[in-house]
Amino acid sequence: MTYAFNPAPQPALPIRGTDKLFPIHRVYCVGRNYVEHTKEMGGDTKDPPFFFQKNPDNVVLDGKFPYPAATNDVHFEIELVVGLKSGGTDIAATQAMKHVFGYAVGIDMTRRDLQAQAKKLQRPWEVGKAFEHSAPCTAIVPAQHVENPAAGGIWLDVNGVRKQTGDLSQMIWDIPHQIAFLSTLFELRAGDLIFTGTPSGVGAVQRGDRLKGHVDGVGELDLTVV
Ligand code: MN
């Protein structure tokens, strides 16, 4: 049997320092994983973090972000992104880091108005989170080149003004516990990406804005809203 039409291209990210690509399987995102961001979103800091997904082809290399349709309130959320080289189910937190391929800097772009409406109507979040170009990302840095993914500065500037500042050590669920928890719900596999949550200071973008995101030891992401 052959396909009736050409399948969509395999979404992938470059791997820094190599000529290889990281083929993307799924994109998991953790919500409310930093206390200060949970507060600014009006969430209860005693509630545990939770997960949603974006589509693999929403991941695009950093550079340009076309202002999306159907919204007047698009927010940036700077995040450390974890890429897996293997997976499974019921992974123990103590074993989780063995599955990590590497790290990238990403932005969880969010149609906040559509997300707010979905929350209010108790509908799914896809319209707010999983749209075209909604996951700009840098190349993946192999884990052996990232000294300490558990601590370090994470920040985002808009037009040279610092908007978000935090430290990876402020995550409510650290990377091993995110992997362990996800693996109780889904079968993780090589190529999965995990957006690990955002510190406080999220805000709206306008066309022409220049965003610069940074994670210590991983890299910088540049994005122009067009
Ligand atoms: Mn997020």
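We're numbering straight along the sequence, starting at 1. Counting convention: from 1, in listed order, for ligands and their atoms alike. What you see is a predicted model, and the numbers here were worked out from it, not measured in a lab.
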- Task: Answer yes when K129 and E77 have at least one side-chain N-carboxylate O distance shorter than 4.0 Å, and no when they do not.
- Result: yes

Just distance, no hydrogens or angles: give the donor-acceptor pairs under 3.5 Å from side chains in residues 216-226, sequence neighbours left out.
{"residue": "D216", "atom": "OD1", "partner": "H214", "partner atom": "NE2", "Å": "2.7"}
{"residue": "D216", "atom": "OD2", "partner": "G153", "partner atom": "N", "Å": "2.8"}
{"residue": "E220", "atom": "OE1", "partner": "K212", "partner atom": "NZ", "Å": "3.4"}
{"residue": "E220", "atom": "OE2", "partner": "H214", "partner atom": "ND1", "Å": "2.9"}
{"residue": "D222", "atom": "OD1", "partner": "K212", "partner atom": "NZ", "Å": "2.8"}
{"residue": "D222", "atom": "OD2", "partner": "K212", "partner atom": "NZ", "Å": "3.4"}

- Message: In this structure, would V100 and V105 fall into the same cluster of hydrophobic residues linked by side-chain contacts under 4.5 Å?
- Response: yes

- Task: Go through the steps to decide whether I172 and T38 satisfy the test side chain to side chain contact (heavy atoms under 4.5 Å, CB included), and finish with yes or no.
- Result: CA-CA 10 Å; I172 296 169; T38 303; 4.3 Å; yes

- Counting no waters, what protein N/O/S atoms lie under 2.8 Å from the Mn ion (ligand 1)? E77 OE1, E79 OE2, D108 OD2

- Message: For D73, is there any backbone N or O sitting under 3.5 Å from a side-chain donor or acceptor partner on T71?
- Response: yes

- Answer yes if the ring centres of Y34 and W173 are under 6.0 angstrom apart, and no otherwise. no

